[in-house]
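All remarks here apply to the structure that follows.
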2 protein chains.
Amino acid sequence: MFNFFLYLYLLMLKAERLQKIVEQVAKDNKVILDDLSQLLNVSTDTVRRDIKELSDKGLLKAVRGGAIVGSPVHPHFKERQHIDTQQKKVIAQKALEFIKPGLVLLVNAGTTTTAVISALPKDISLTVITNSFPVVSILEDYPNVNVFFIGGQLNKPAFSTIGYETIEAIRNFRADVCLLGICSIDLKVGITGFTYEESLVDRAMIETSKYVIALSTYDKIGVSDPYYVCAANAIDALITEKDPSLADLDGFKDAGIMIK
Amino acid sequence: MFNFFLYLYLLMLKAERLQKIVEQVAKDNKVILDDLSQLLNVSTDTVRRDIKELSDKGLLKAVRGGAIVGSPVHPHFKERQHIDTQQKKVIAQKALEFIKPGLVLLVNAGTTTTAVISALPKDISLTVITNSFPVVSILEDYPNVNVFFIGGQLNKPAFSTIGYETIEAIRNFRADVCLLGICSIDLKVGITGFTYEESLVDRAMIETSKYVIALSTYDKIGVSDPYYVCAANAIDALITEKDPSLADLDGFKDAGIMIK
DNA sequence: TAATTAATTGCAAATTTTTGCAATGTTTAA
DNA sequence: TTAAACATTGCAAAAATTTGCAATTAATTA
């Protein structure tokens with residue numbers, strides 16, 4: 001028989017658990033795995049998985065044996081919750097081929113580029129220039145990555161900077177590779193975006209980079225948005241989650257774009 | 001038999017131990033292996049390995065018999081965040097008096113300025129210009145605050161930007177009020193800081209602001225650090241957690257500085 | 001409603017990390 | 001030079017983590 005109170009109890013326990021863990025960390029600056037396991041009446045495995053979940057959200061930092069307070073940066077800026085889609089993981093893996101130690105990378109703001117940065121090996125040596133707060137927050141933990149942040153007006157919904165100063169700052173750099181997460185690309189229309197300000201930033205990034213890699217899920221191909229960024233052949237490579245030999249992509253290959 | 005010290009040892013996470021070592025080094029400029037071994041209830045071997053690990057990360061310099069400060073780096077933001085919290089709250093409340101809607105605020109990076117920003121009413125209308133990531137992340141939730149982020153080289157331990165571009169960007173603004181968290185202030189020596197790069201940023205901020213408010217815990221008064229920022233009378237107001245009528249502060253009042 | 005899919009949780013084996021100890025080598029200072 | 005202090009290395013026990021698996025439960029869909 002369905003037991004409503006048992007149901008409620010179990011549901012609350014889940015919510016409580018995560019909340020209690022966060023509270024404990026806030027109070028003591030740390031939590032210990034075995035203590036929590038006892039306190040919350042679940043196995044250490046479950047607590048470990050809870051901690052990992054909270055750690056992914058940026059609410060604390062998982063360490064061996066428990067957890068400690070995380071970085072003071074707002075969890076929103078970490079934005080890693082929504083990036084773990086299968087498609088983005090595939091794109092991220094493919095993009096890693098292009099990223100060799102020593103390069104100067106210019107990275108725009110978006111969940112796809114964030115996924116690529118998350119996938120970088122912890123010890124890689126790079127220079128990364130970006131206007132994305134989530135990218136910076138990931139690279140905080142990379143000791144050999146020199147990060148340069150592009151200032152400007154805070155663009156709250158995208159966790160990035162935009163505007164005149166951002167574009168001027170971009171023009172002062174010369175990057176080896178531009179990692180460009182895009183909204184949409186069409187062979188004839190070119191690359192287009194949702195917002196005017198971001199399209200300007202993207203264009204500046206493309207113009208100042210030697211090699212441009214566009215990152216896009218397959219469903220954004222052949223689509224267009226209101227604001228023009230650049231012609232399709234302004235990019236050097238296009239990475240999607242699909243097999244590059246797909247016939248749909250032949251037009252891009254003919255235009256001299258490497259498909260991965 | 002119940003062993004209290006074993007119990008303590010079991011409760012101490014390795015990550016905590018590493019933090020404590022860094023704290024000790026920051027406090028005393030040095031640590032001695034055997035002392036730490038006693039204090040932390042682990043063998044000297046373990047302390048030695050900890051020190052090596054921290055040394056690899058550049059957080060201190062391993063020497064025979066212990067460790068000393070590496071490059072004169074400021075302790076990490078995370079370590080400073082939870083010290084003197086009560087005093088910082090008092091300072092934050094006093095600082096609110098100065099922050100009127102509509103102002104253009106220039107805010108430097110530090111745990112004290114972060115505390116002030118946290119204390120702002122959620123609906124205030126402001127323009128905030130800052131090079132501090134924690135400040136931006138707090139202001140993300142303030143719908144009526146227009147935020148401008150100053151780009152530059154990422155300064156990982158302080159969660160801020162520094163360097164040539166940062167200073168150039170600061171010079172393009174003209175702020176009403178500068179909120180300046182400071183390392184130390186002395187009437188004769190002036191304001192001084194712990195790192196060269198940050199002292200340059202602070203100086204640029206002061207120069208471009210109409211009204212400068214220095215924020216300092218009382219114990220930083222009459223103290224000096226290696227890098228000169230500006231003369232004491234370059235600031236307009238000084239806020240500490242203590243009563244402004246304290247005789248120790250009379251010198252500042254005579255120099256025309258408002259004490260709060 | 002029933003069947004399927006997805007999520008949660010605990011268990012256990014394999015693996016990795018941590019830690020103290022002891023043997024050996026190196027540096028320091030009287 | 002020699003004795004003491006310190007560092008390095010390898011090793012083994014203990015602890016923590018990873019991984020795959022199975023049982024249970026929740027959510028979705030036909």
Side-chain angles (χ1 to χ4, degrees), chain A residues 1-22 24-25 30-57 59-68 70 80-87 89 118-119 121-123 141, chain B residues 2-22 24-25 30-57 59-68 70:
Chain A
M1 194 200 86
F2 180 75
N3 185 324
F4 179 71
F5 290 103
L6 178 61
Y7 173 77
L8 254 192
Y9 167 71
L10 288 171
L11 264 190
M12 280 190 59
L13 197 62
K14 161 89 176 172
E16 258 185 333
R17 256 203 345 252
L18 296 175
Q19 205 182 320
K20 274 219 166 85
I21 294 174
V22 174
Q24 286 282 325
V25 171
K30 68 163 179 180
V31 287
I32 285 155
L33 215 127
D34 289 333
D35 290 358
L36 285 177
S37 165
Q38 277 207 312
L39 184 73
L40 305 169
N41 275 306
V42 285
S43 71
T44 54
D45 302 73
T46 301
V47 177
R48 192 175 288 116
R49 276 180 283 229
D50 287 349
I51 285 177
K52 177 153 196 328
E53 201 179 320
L54 294 168
S55 163
D56 287 344
K57 287 183 185 167
L59 291 163
L60 44 73
K61 183 168 160 57
V63 298
R64 196 183 177 82
I68 56 176
R80 275 169 248 185
Q81 297 96 307
H82 310 298
I83 66 173
D84 278 342
T85 65
Q86 204 50 49
Q87 294 139 349
K89 275 186 187 161
S118 301
K122 271 270 154 67
D123 58 345
D141 297 327
Chain B
F2 180 76
N3 184 326
F4 179 69
F5 291 105
L6 178 61
Y7 177 74
L8 260 189
Y9 157 70
L10 287 172
L11 278 181
M12 169 94 76
L13 300 169
K14 186 193 170 196
E16 271 187 287
R17 224 176 44 220
L18 296 177
Q19 280 184 347
K20 281 222 160 75
I21 294 174
V22 174
Q24 285 285 323
V25 171
K30 66 166 182 185
V31 286
I32 289 159
L33 216 127
D34 288 332
D35 293 356
L36 284 177
S37 165
Q38 276 209 313
L39 184 73
L40 306 169
N41 278 298
V42 287
S43 72
T44 54
D45 302 74
T46 301
V47 176
R48 194 175 285 120
R49 274 181 285 228
D50 287 350
I51 286 176
K52 173 149 196 333
E53 203 179 319
L54 293 168
S55 159
D56 288 345
K57 285 187 191 163
L59 291 164
L60 44 72
K61 187 165 157 52
V63 296
R64 195 181 169 81
I68 56 174

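Numbers restart at 1 for each chain; the letters A, B, ... are given by sequence-line order, proteins then strands. Below, each value reflects all heavy atoms present in this structure, side chains not excepted, and no hydrogens, waters or symmetry copies.
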Within this structure, what is the [atom1]-to-[atom2] distance between [X] and [N], rounded to whole angstrom?
X       : N      : atom1 : atom2 : answer
B:Leu18 : C:dT17 : CG    : C1'   : 13 Å
B:Leu40 : C:dT18 : CG    : C1'   : 15 Å
B:Arg17 : D:dA15 : CZ    : C1'   : 13 Å
A:Lys52 : C:dT9  : NZ    : P     : 15 Å
A:Asp35 : D:dA15 : CG    : P     : 15 Å
B:Lys14 : D:dA14 : NZ    : P     : 20 Å
B:Leu54 : C:dT18 : CG    : P     : 12 Å
B:Leu33 : D:dT8  : CG    : P     : 11 Å

Regarding A:Glu53 and A:Arg17, does a basic nitrogen lie under 4.0 Å from an acidic carboxylate oxygen?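 The answer is no: the pair does not qualify as a salt bridge.
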
Does the distance from a Lys or Arg side-chain N to an Asp or Glu carboxylate O, for B:Asp56 and B:Lys52, drop under 4.0 Å?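 A salt bridge is present here (some side-chain N lies under 4.0 Å from a carboxylate O).
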
Starting the side chain at C-beta, find the nucleotide from D:dA7, C:dG10, C:dG20 nearest to B:Ser43.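 Nearest listed nucleotide: C:dG20.
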
A:Arg49 side chain: which of C:dC11, D:dA16, C:dC21 is closest?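 Between C:dC11, D:dA16, C:dC21, the one nearest the side chain of A:Arg49 would be C:dC11.
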
Are any of B:Thr46's side-chain N or O atoms less than 4.0 Å away from OP1 or OP2 of C:dT19?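 No.
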
Less than 4.0 angstrom between a side-chain N/O of A:Arg64 and OP1 or OP2 of D:dA14, yes or no?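 Looking at the OP1 and OP2 atoms of D:dA14, neither is under 4.0 Å from any side-chain N or O of A:Arg64.
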
Taking atom types as they are modelled, would you say the side chain of B:Arg48 forms a donor-acceptor pair with the base of C:dG20 within the 3.5 Å cutoff?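 No pair found.
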
Find the distance between [atom1] ([X]) and [atom2] ([Y]) and round it off to the nearest 0.5 Å.
X       : Y       : atom1 : atom2 : result
B:Leu33 : B:Ser43 : CG    : OG    : 9.0 Å
B:Asp34 : B:Leu39 : CG    : CG    : 12.5 Å
B:Ile51 : B:Ile21 : CD1   : CD1   : 5.5 Å

Both B:Gly65 and A:Gly66 contact DNA chain D. Taking the nearest nucleotide for each, which residue is further toward the 5' end?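 Going by which nucleotide is closer to the 5' end, it is B:Gly65.
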
Please figure out whether B:Asp45 or B:Glu53 has its closest DNA chain C nucleotide nearer the 5' end.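 Result of the comparison: B:Glu53.
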
Using a heavy-atom cut-off of under 4.0 Å over every strand shown, decide if B:Val47 touches base, sugar-phosphate, or nothing.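 Since no nucleic acid heavy atom lies under 4.0 Å of B:Val47, the category is nothing.
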
